[in-house]
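What follows is a set of notes on a single structure, which appears directly below.
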Amino acid sequence: MTGSPEFFILTRKECGEILARNHVGRLAFREGKQLNIQPLGYVASDTVLFLRSAPGSKMDALARDPFVAFEVDEIEGPFDWRSVVVQGTIYAVERDGSAAEQRAVEAIKSVMPQAFTERDPAPDRQNIYGLHVHDVAGRMAQGNAAPSGRERVTPRSGRTVRKPPDHF
């Protein structure tokens, strides 16, 4: 690294691209008086993230309090990373043959074709959930010169400033 790292805000489009190309993130949710965070596989589909899970306390907690956060990271090094945080409402997708279930199953099978078959690598994960995205935000760190025109976050104050273009 030749210079100080800089921190930047990702556009909504960049956040969507990161969500689309990854399939594991961390779900943050309230479980009673505690906050919990757990890794989960997911598939991004428009403004919904589809997740699979086995029955258990996490699903019980989500039924009581459906407001969650979900984070996905791409990390190449200490000052070379991208992070996206989604906030939204999670809901159970009914296993009733509906169009909503078909959409969720198709999305999941697009990244794991064996899902919901006799060759399913996680056969206990039969519950499907949709996370309806209310808000998405992303940041990135870069160790060298920033892309021109990118919005930058000043680490000390946390305020956002516009980096001037390198050329006109």
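Along the sequence shown, residues carry numbers from 1.
- Sorted by first then second residue, the salt bridge (Lys or Arg N to Asp or Glu O under 4.0 Å) pairs that include residues 67-79, not counting sequence neighbours, are Arg21-Glu74, Arg26-Glu71, Arg26-Asp73, Glu74-Arg82, Glu76-Arg82.
- Contacts of Asp46 classified as salt bridge (Lys or Arg N to Asp or Glu O under 4.0 Å), with partners at least two apart in sequence or in another chain: Arg103.
- Annotation: the span from Ser83 atom OG to Ile18 atom CD1 amounts to 8.0 Å, rounded to 0.5 Å.
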Run the side-chain donor-acceptor check on residues 28-38: report pairs under 3.5 Å with partners two or more places apart or on a different chain.
from  : atom 1 : to    : atom 2 : distance (Å)
Glu31 : OE1    : Asn36 : ND2    : 2.8
Glu31 : OE2    : Ser57 : OG     : 3.3
Gln38 : OE1    : Lys58 : NZ     : 3.3

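- At least one donor-acceptor pair under 3.5 Å links the side chain of Thr11 to the backbone N or O of Glu14.
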Do any side-chain atoms of residues 106-115 form donor-acceptor pairs under 3.5 angstrom with protein atoms, and if so which ones, sequence neighbours left out?
from   : atom 1 : to     : atom 2 : distance (Å)
Lys109 : NZ     : Pro113 : O      : 3.4
Lys109 : NZ     : Ala115 : O      : 3.3
Ser110 : OG     : Ala107 : O      : 2.5

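- Looking at residues two or more places apart in sequence or on another chain, you find a side-chain contact (heavy atoms from CB on, under 4.5 Å) between Gln126 and Arg52, Arg95, Phe116, Asp120.
- What you find for Cys15 and Ala137 is that their closest heavy atoms are SG-C, 3.7 Å.
- The same ILVMFWY cluster, assembled from side-chain heavy atoms under 4.5 Å apart, contains both Val93 and Val105.
- Both Met140 and Val136 belong to a common hydrophobic cluster when Ile, Leu, Val, Met, Phe, Trp and Tyr are linked at side-chain heavy-atom distances under 4.5 angstrom.
- Among residues two or more places apart in sequence or in another chain, the side-chain hydrogen bond (donor to acceptor under 3.5 Å, both in side chains) test is passed with Asp96 by Ser98.
- Hydrophobic clustering places Val68 together with Val84 (ILVMFWY residues linked when any side-chain heavy atoms are closer than 4.5 Å, directly or through intermediates).
- Side-chain contact between Leu62 and Leu27 is present, with at least one heavy-atom pair separated by less than 4.5 Å.
- Contact check for Leu19 versus Val86: side-chain heavy atoms found under the 4.5 Å cut-off.
- Between the CZ atom of Phe8 and the CD atom of Gln142 there is a distance of 5.5 Å, given to the nearest 0.5 Å.
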Can you list, pair by pair, the side-chain donor-acceptor contacts under 3.5 Å of residues 127-135, counting residues two or more places apart and other chains?
from   : atom 1 : to    : atom 2 : distance (Å)
His134 : NE2    : Thr89 : N      : 3.3
His134 : NE2    : Thr89 : OG1    : 2.6

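- Residue pairs meeting the ring-ring contact (aromatic ring centres under 6.0 Å, His included) criterion with at least one partner in residues 30-71, sequence neighbours excluded, are Tyr42-Phe70.
- In plain terms, the two heavy atoms of Gly97 and Gln102 that are nearest each other are O-NE2, 3.3 Å.
- For residues 82-101, there are no ring-ring contact (aromatic ring centres under 6.0 Å, His included) pairs, not counting sequence neighbours.
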